[in-house]
There are 2 protein chains.
Amino acid sequence: MTNTAQNYHHGDLRSALLKAATDRIAMHGIDSLSLRKLAEDAGVSRTAPYHHFKDKSALLSAIAAQGFCQWHTTAKRIFDQTHVPAKDRFRQFVHEYIGYAADNPEMYELMFGRTIWQQDAATDDLKSVAYPCFQFQVTMTRYWQEQGLLPDNQEALRLSQVTWGTLHGIARLLIDGIYADRSHIDDMCDCAADLFMRDTD
Amino acid sequence: MTNTAQNYHHGDLRSALLKAATDRIAMHGIDSLSLRKLAEDAGVSRTAPYHHFKDKSALLSAIAAQGFCQWHTTAKRIFDQTHVPAKDRFRQFVHEYIGYAADNPEMYELMFGRTIWQQDAATDDLKSVAYPCFQFQVTMTRYWQEQGLLPDNQEALRLSQVTWGTLHGIARLLIDGIYADRSHIDDMCDCAADLFMRDTD
DNA sequence: AAGGCAATGTTGACACTGTCAAGATAAAAC
DNA sequence: GTTTTATCTTGACAGTGTCAACATTGCCTT
């Protein structure tokens with residue numbers, strides 16, 4: 001029994017908004033999101049969303065949180081393939097990280113961009129999903145150090161900041177339209193992976 | 001003879017706007033910039049700026065162009081210190097790159113962020129200043145390869161994308177508020193430099 | 001079952017924003 | 001001295017996020 005428009009109570013407005021907003025952002029970009037239009041499309045009045053999200057950035061935080069769950073799952077999947085050599089897993093991780101960013105540019109911006117994190121707009125909900133995700137990056141780095149893939153004369157935290165920074169930087173330059181040519185993504189990933197693992201040929 | 005408010009023609013509105021906007025952005029962030037407020041502060045009507053800048057992003061482009069000139073000068077200054085060992089210059093470059101970003105976060109966002117580059121909002125003027133700046137990064141990388149600081153089994157373009165990506169990524173994570181602690185900036189820079197130059201101890 | 005409370009949705013309003021069109025004014029060019 | 005051009009003005013439009021006050025509904029308790 002689907003909910004038609006004439007009902008006073010929508011029934012599941014929160015998740016309807018979340019889904020619609022996620023889709024719209026993926027298709028037309030973060031800036032194109034308007035709470036008013038979103039409400040109208042959901043067949044509801046302008047201010048109805050405020051009963052489900054404190055403000056616009058709370059909605060954006062909720063969307064980003066979904067992205068973190070998604071990505072964390074992917075990262076764990078790659079990392080946990082114990083039957084695959086660590087070296088190959090590392091290379092795969094690099095490719096998939098950049099691939100995720102390239103395939104979901106607006107979501108990536110939301111997750112790792114200034115929109116949310118800059119002025120402390122991040123919800124506690126978001127933080128509770130994002131921080132473990134950041135932490136996992138350190139865990140993986142430490143593992144790769146132990147496996148001899150990455151230099152072990154650096155602190156794991158520091159090194160993970162640099163390796164993550166590299167992936168993040170390449171992703172941003174791609175997403176933000178500064179590296180115009182996307183046909184070299186794989187080459188760039190390999191170059192980065194080679195650079196990090198260059199001791200272990 | 002300074003121009004007081006009651007004149008119909010401001011006299012030098014373009015550069016006045018540019019300066020005011022640059023200052024405001026540095027102090028209060030890009031999002032705080034409003035053409036209307038800017039005009040009002042300059043003692044001029046709301047739409048006067050449109051006679052000097054096609055639209056808001058043209059103004060932002062002009063500001064970013066200033067930043068590129070500034071940074072390009074700094075980069076050349078570092079690179080051209082021929083009396084300093086290449087290795088030290090490289091390390092210095094890393095530190096100054098991140099330092100520039102950390103000291104001028106909003107300018108950095110403008111120069112290398114989505115605000116301008118994303119939807120082809122970049123003016124031709126901006127491009128003519130920015131592209132040589134990007135190119136210089138490749139030139140430097142090639143030089144460092146020749147000097148044996150960076151691996152020479154990689155294409156210069158590809159390698160410069162990765163090294164620049166690393167700096168860019170660290171810079172973004174810092175200024176976007178994802179790496180909260182700024183006290184470790186120098187350590188991170190050294191870690192990155194060590195990672196790249198680890199063959200040449 | 002009745003009444004009350006909390007969740008949810010609505011309309012109205014406010015203060016902003018960027019930007020266009022049409023007209024006014026001053027300066028420069030001829 | 002007249003005309004063109006650059007510059008600046010007011011008026012208007014279509015948006016935006018968000019608050020306050022009010023309406024409706026469903027659920028929970030008595």
Side-chain angles (χ1 to χ4, degrees), chain A residues 1-21 24-25 28-64 110 114-116 118-123, chain B residues 1-21 24-25 28-64 110 114-116 118-123:
Chain A
M1 190 172 79
T2 55
N3 213 321
T4 46
Q6 63 269 21
N7 290 1
Y8 191 89
H9 281 98
H10 179 285
D12 200 9
L13 185 55
R14 192 193 143 93
S15 59
L17 290 172
L18 207 51
K19 172 157 178 38
R24 157 136 219 125
I25 284 182
H28 302 100
I30 296 174
D31 293 339
S32 86
L33 188 77
S34 143
L35 284 190
R36 293 173 97 111
K37 267 188 286 195
L38 199 63
E40 193 180 11
D41 289 355
V44 98
S45 82
R46 302 152 260 152
T47 58
Y50 286 87
H51 290 273
H52 300 274
F53 302 96
K54 182 182 155 289
D55 53 20
K56 188 176 185 178
S57 66
L59 209 200
L60 294 177
S61 283
I63 296 173
L110 223 45
R114 59 161 29 204
T115 317
I116 287 180
Q118 179 85 339
Q119 69 273 22
D120 271 344
T123 315
Chain B
M1 190 170 79
T2 54
N3 214 322
T4 45
Q6 64 270 20
N7 290 1
Y8 191 89
H9 281 97
H10 181 284
D12 200 10
L13 184 57
R14 191 192 143 92
S15 60
L17 290 172
L18 206 52
K19 173 159 175 34
R24 157 133 219 128
I25 283 181
H28 302 100
I30 295 174
D31 293 339
S32 86
L33 188 76
S34 142
L35 284 190
R36 293 174 97 112
K37 267 188 285 193
L38 199 64
E40 193 180 11
D41 289 355
V44 98
S45 84
R46 304 154 260 151
T47 58
Y50 285 87
H51 292 270
H52 300 275
F53 302 96
K54 182 181 155 290
D55 54 19
K56 188 176 185 178
S57 66
L59 208 201
L60 295 177
S61 283
I63 296 174
L110 223 45
R114 57 160 31 203
T115 317
I116 287 180
Q118 179 86 341
Q119 69 274 23
D120 271 343
T123 314

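Values reported hereafter were calculated over all heavy atoms of this structure, with side chains retained and with hydrogens, waters and symmetry mates removed. Within every chain, numbering begins at 1; the chains are lettered A, B, ... in the order of the sequence lines, protein sequences first and strands thereafter.
Remark: C1' of C/dA27 and NE2 of B/His51 are 15 Å apart, rounded to the nearest angstrom. In this structure, the CZ atom of B/Arg14 is 14 Å from the C1' atom of D/dA6, given to the nearest Å. Note: OH (B/Tyr50) to C1' (D/dT10) measures 15 Å, nearest angstrom. Straight-line distance from the CG atom of A/Leu17 to the P atom of C/dT8: 12 Å, rounded to whole Å. In this structure, B/Asp31 places its CG atom 13 Å from C1' of C/dT17, rounding to the nearest Å. Following rounding to the nearest Å, A/Phe53 (CZ) and C/dA7 (P) show an atom-to-atom distance of 16 Å. Rounded to an integer number of Å, the gap from CG of B/Leu59 to P of C/dT19 is 10 Å. Look at CD on B/Glu40: it is 13 Å from C1' on C/dA15, rounded to the nearest Å.
Remark: B/Asp31 pairs with no residue by the side chain to side chain donor-acceptor pair (under 3.5 Å) rule, at least two apart or across chains. Under the rule for a side chain to side chain donor-acceptor pair (under 3.5 Å), the partners of B/Arg24 that lie at least two apart in sequence or sit in another chain are B/Ser32. With sequence neighbours excluded, no residue forms a salt bridge (Lys or Arg N to Asp or Glu O under 4.0 Å) with A/Lys54. The side chain to side chain donor-acceptor pair (under 3.5 Å) search around A/Ser34 returns none, not counting sequence neighbours.
Scanning both residues, B/Ile25 and B/Leu33, for their nearest heavy atoms gives CD1-CD2, 4.1 Å. Here the closest heavy-atom approach between residue A/Leu59 and residue A/Phe53 is recorded as CA-CD2, 3.8 Å.
Closest to the side chain of A/Thr47, from the set C/dT11, D/dT9, C/dT19, is C/dT11.
Applying the side-chain hydrogen bond (donor to acceptor under 3.5 Å, both in side chains) definition to pairs two or more places apart or across chains, none involves residues 38-49 of chain A.
Looking at A/Arg46, its side chain has no donor and acceptor atom pair within 3.5 Å of the base of C/dG9.
Checking the phosphate oxygens (OP1, OP2) of C/dG9, a side-chain nitrogen or oxygen of A/His52 falls inside 4.0 Å.
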Which atom pairs link the protein and nucleotides 13-16 of chain D when you take only N or O atoms and keep those under 3.5 Å?
| unit_1 | atom_1 | unit_2 | atom_2 | d |
| --- | --- | --- | --- | --- |
| D/dT16 | OP1 | A/Ser34 | OG | 2.9 |

